[in-house]
Amino acid sequence: MREPFKAYGGEPRPAQELALVSGDVYYRKDWLSSYADTVRFIRVDGHSINNSRAYDEVYIAPGERELEVYYSWDMGARMGLAPALASYSSSQTLISEVLKLEAKAGAHYTVRMRPVFSGQAKDISSLNHVEFWIENEAGEVVSEAVSES
């Protein structure tokens with residue numbers, strides 16, 4: 001497993017001085033294909049994360065942070081029409097959001113997501129939008145969406 005992305009400035013710091021944020025992963029399988037709905041990180045406090053698909057977790061400094069995340073639909077077994085549908089999903093614009101979090105040192109958070117479909121839940125071409133939120137280790141929602149102005 002790869003080390004979490006260092007999404008803060010300055011010298012490396014001990015893990016207990018930082019907050020760890022993980023992206024949610026949900027595995028699904030139908031009769032033809034298997035795939036994973038995954039939360040990926042784009043930016044933290046306006047700083048881009050290069051190669052975001054390579055990181056499942058990020059370290060952030062304590063304090064008020066803004067995390068931009070997106071929904072990724074990854075294919076496990078590339079069979080049937082699945083690669084075309086995955087390509088379709090990745091081209092959609094309503095699959096990212098900026099979330100605000102008051103991060104605490106030593107805490108572990110998880111960015112959760114809920115894809116909302118206008119048709120069958122297994123038909124990625126009917127993806128309408130994705131809802132995102134952040135939970136602490138106790139399962140409490142600790143984030144709010146940042147509205148785009």
Side-chain angles (χ1 to χ4, degrees), residues 1-29 33-78 82-83 85-118 121-149:
M1 182 170 195
R2 190 173 200 160
E3 279 288 310
F5 183 84
K6 178 183 161 261
Y8 60 92
E11 295 295 317
R13 296 162 65 178
Q16 65 268 22
E17 292 181 11
L18 302 166
L20 179 65
V21 185
S22 302
D24 199 10
V25 178
Y26 177 70
Y27 297 99
R28 292 192 277 173
K29 184 173 182 159
S33 302
S34 64
Y35 46 95
D37 298 324
T38 308
V39 172
R40 301 284 183 195
F41 301 93
I42 301 172
R43 278 184 268 299
V44 175
D45 295 332
H47 296 84
S48 294
I49 297 174
N50 296 329
N51 193 15
S52 64
R53 294 181 71 81
Y55 298 96
D56 298 326
E57 300 175 312
V58 296
Y59 277 129
I60 61 174
E64 188 173 297
R65 301 283 161 245
E66 286 189 1
L67 291 88
E68 185 173 359
V69 297
Y70 71 98
Y71 169 78
S72 175
W73 196 69
D74 296 323
M75 295 304 305
R78 296 186 177 270
L85 293 176
S87 176
Y88 172 85
S89 171
S90 67
S91 70
Q92 299 306 296
T93 58
L94 297 176
I95 57 175
S96 69
E97 182 140 21
V98 177
L99 300 169
K100 189 180 292 184
L101 167 69
E102 183 65 39
K104 294 180 172 69
H108 184 191
Y109 302 97
T110 303
V111 181
R112 304 282 185 200
M113 51 84 181
R114 179 183 305 114
V116 178
F117 298 89
S118 58
K122 292 184 179 178
D123 179 7
I124 197 67
S125 66
S126 71
L127 179 64
N128 188 352
H129 67 279
V130 178
E131 298 169 356
F132 296 96
W133 67 96
I134 302 173
E135 293 180 359
N136 63 17
E137 292 173 277
E140 301 164 325
V141 176
V142 294
S143 65
E144 60 183 83
V146 175
S147 58
E148 300 290 321
S149 304

Atom pair [atom1] ([X]) and [atom2] ([Y]), whose distance is rounded to the nearest 0.5 Å:
| X | Y | atom1 | atom2 | answer |
| --- | --- | --- | --- | --- |
| E3 | E57 | CD | CD | 9.0 Å |
| L20 | T110 | CG | OG1 | 8.5 Å |
| Y109 | L67 | OH | CG | 11.0 Å |
| L18 | K6 | CG | NZ | 9.5 Å |
| D24 | R114 | CG | CZ | 10.5 Å |

Please examine the side chains of [Y] and [X], heavy atoms only from C-beta on, and report whether any two atoms are closer than 4.5 Å.
| X | Y | result |
| --- | --- | --- |
| K104 | P62 | no |
| E97 | H129 | no |
| V25 | D56 | no |

Closest heavy-atom contact between [X] and [Y]?
| X | Y | value |
| --- | --- | --- |
| F41 | V21 | CZ-O, 3.6 Å |
| F132 | I95 | CZ-O, 3.5 Å |
| E66 | V98 | OE1-CG1, 3.9 Å |
| V39 | M113 | CG2-CG, 3.2 Å |
| A103 | A61 | CB-O, 4.0 Å |
| N128 | S118 | CB-N, 4.3 Å |

Review point. Could you walk me through whether L101 and I60 pass the side chain to side chain contact (heavy atoms under 4.5 Å, CB included) check?
Key: CA-CA 10 Å; L101 167 69; I60 61 174; 4.0 Å; yes
Review point. With sequence neighbours left out, what residues match R65 under salt bridge (Lys or Arg N to Asp or Glu O under 4.0 Å)?
Key: D45
**Study point:** Test salt bridge (Lys or Arg N to Asp or Glu O under 4.0 Å) applied to E17 - qualifying residues, sequence neighbours left out
**Key:** R13
Point to revise | Residues forming a side chain to side chain donor-acceptor pair (under 3.5 Å) with Y59, sequence neighbours excluded | key: none
Quiz: residues 133-145 side-chain donor-acceptor pairs under 3.5 angstrom, not counting sequence neighbours:
unit_1, atom_1, unit_2, atom_2, d
W133, NE1, E135, OE2, 2.9
E135, OE1, R112, NE, 3.2
N136, OD1, A138, N, 3.0
N136, OD1, G139, N, 3.1
N136, OD1, E140, N, 2.9
N136, ND2, E140, OE1, 2.7
S143, OG, I134, N, 2.8

Exercise for review: Please list, chain by chain and in numerical order, all residues satisfying ring pair (Phe, Tyr, Trp, His ring centres under 6.0 Å) with F5, sequence neighbours excluded.
Suggested key: Y55
Check your understanding: With sequence neighbours left out, what residues match E64 under side chain to side chain contact (heavy atoms under 4.5 Å, CB included)?
Key -> K100, E102
